[in-house]
Asks: 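I am attaching a structure below and will ask some questions about it afterwards.
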There are 2 protein chains.
Amino acid sequence: MGLTKADKFTATQNRIALMAKALGHPARIAIIEYLAISKSCVCGDIVNELPLSQSTVSQHLKELKNAGLIKGTIEGPSVCYCIDDRVWKEARESFAGLFASYIEDNNCC
Amino acid sequence: MGLTKADKFTATQNRIALMAKALGHPARIAIIEYLAISKSCVCGDIVNELPLSQSTVSQHLKELKNAGLIKGTIEGPSVCYCIDDRVWKEARESFAGLFASYIEDNNCC
DNA sequence: TTCTTTAATCGTAAAAATGCGATAAAGGTT
DNA sequence: AACCTTTATCGCATTTTTACGATTAAAGAA
């Protein structure tokens, strides 16, 4: 059906899955890496950085925004995209928690 | 076109995106959480734990296996799924690196 | 006002993801 | 052998994702 049964899982599971999904494309990883390092956050600069068309990059930005990982503020004719501190922290802690939940060499087979 | 241009991105970007994508569904988060905590790793037990059909769970397990995050070993008539220590470590470090690349309060707008 | 720049959205196409029932395959059990 | 259990795969329908060109909308410059 192509429809995820979100209501069958916990809010926490859905939340971390949403953030992971947002990071689940190399273009969006590239965007995040760029925003993390670069001083610039102008949409056009991101478009120039990626090997994809303007409309495609815009869509990727939309998905990252939808997950809350980034936010965009209008700056004259252009838009400035930045990593959202609060959500970024939430994501970091969620993933750290997930990875911490498994103690290595605890395999049963 | 529905086809990710993987060749336009670095191997590292594609790798972390693949792992993130594998974690980008609540059912697969639930599976990982179960494997991380539970002593059992029998496929049937995972199926019973999830609100999805056997075939659907099998598909989710396949995707996690495809990303390398888990591995399955045949045990008589059943299959034992476990988190793959090596890949799990790689994933943890990759995500930690991604999150560490951004210093908070460094927004330019 | 007119033109340019910038970015979002629309429309379209192709491919992948989600989900399930049915079936197949493989290993035990009787 | 016949049967049961367990899990993977197939077939199908639906939805979502990826990607791009074209268009729109908004802001600034001429």
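The chains referred to below are lettered A, B, ... by the order of the sequence lines, with proteins before strands, and numbering in each begins at 1.
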Asks: For a quick check of understanding: with a heavy-atom distance under 4.0 Å over all strands, which category does B:S78 fall into, base, sugar-phosphate or nothing?
Replies: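 If one applies the 4.0 Å heavy-atom cut-off, B:S78 turns out to touch the sugar-phosphate alone, with no base involved.
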Asks: List the atom pairs, donor and acceptor, that lie under 3.5 Å between side-chain atoms in residues 55-62 of chain A and the rest of the protein, sequence neighbours left out.
Replies:
residue: A:S55; atom: OG; partner: A:S53; partner atom: OG; Å: 3.3
residue: A:T56; atom: OG1; partner: A:S53; partner atom: OG; Å: 3.0
residue: A:H60; atom: ND1; partner: A:R28; partner atom: NH1; Å: 2.9

Asks: How about B:D45 and B:Y81: does a side-chain donor come under 3.5 Å of a side-chain acceptor?
Replies: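 Short answer, no.
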Asks: A:C41 and A:L35: which non-hydrogen atoms are nearest, and at how many Å?
Replies: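 Residues A:C41 and A:L35, closest heavy atoms: CB-CD2, 3.9 Å.
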Asks: From CG of B:N66 over to P of C:dT18, roughly how many Å is that when rounded to an integer?
Replies: 12 Å
Asks: Rounded to whole angstrom units, what separation is found between the CD1 atom of B:I70 and the C1' atom of D:dA8?
Replies: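 Those two atoms, CD1 and C1', are 14 Å apart.
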Asks: Go along nucleotides 19-30 of chain C 5' to 3' and tag each nucleotide: B for a protein heavy atom under 4.0 Å from its base, S when only backbone or sugar atoms are that close, - otherwise.
Replies: BBBB----SS--
Asks: Is it true that A:R15 and A:E90 have a side-chain N and a carboxylate O under 4.0 angstrom from each other?
Replies: yes
Asks: In this structure, how many angstroms lie between the C1' atom of D:dT18 and the CG atom of A:L23, rounded?
Replies: 17 Å
Asks: What contact category does A:V42 fall into here, base, sugar-phosphate, or nothing, at under 4.0 angstrom with non-hydrogen atoms?
Replies: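 Here A:V42 touches the backbone only, sparing every base.
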Asks: Tell me every residue that passes salt bridge (charged side-chain N to carboxylate O under 4.0 Å, His left out) with A:E33, counting only those two or more places apart in sequence or in another chain.
Replies: none
Asks: Would you kindly give the CG-to-P distance between A:D45 and C:dT6, to the nearest whole Å?
Replies: 10 Å
Asks: Let me know the distance between CD of B:E63 and P of D:dT7, rounded to the nearest Å.
Replies: 19 Å
Asks: Would one find a side-chain N or O of B:K21 under 4.0 angstrom from OP1 or OP2 of D:dT17?
Replies: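 So the side-chain polar atoms of B:K21 never come under 4.0 Å of the phosphate oxygens OP1 or OP2 of D:dT17.
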Asks: Using atom NZ of A:K62 as one end and atom C1' of D:dA19 as the other, report the distance to the nearest whole Å.
Replies: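 From A:K62 NZ to D:dA19 C1': 14 Å.
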Asks: Any non-hydrogen side-chain atom of B:I32 less than 4.5 Å from a side-chain atom of A:L98?
Replies: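 Yes; the side chains approach each other to less than 4.5 Å.
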Asks: Any base atoms under 4.0 Å from A:V57, or only sugar-phosphate, or nothing? Heavy atoms, all strands.
Replies: nothing
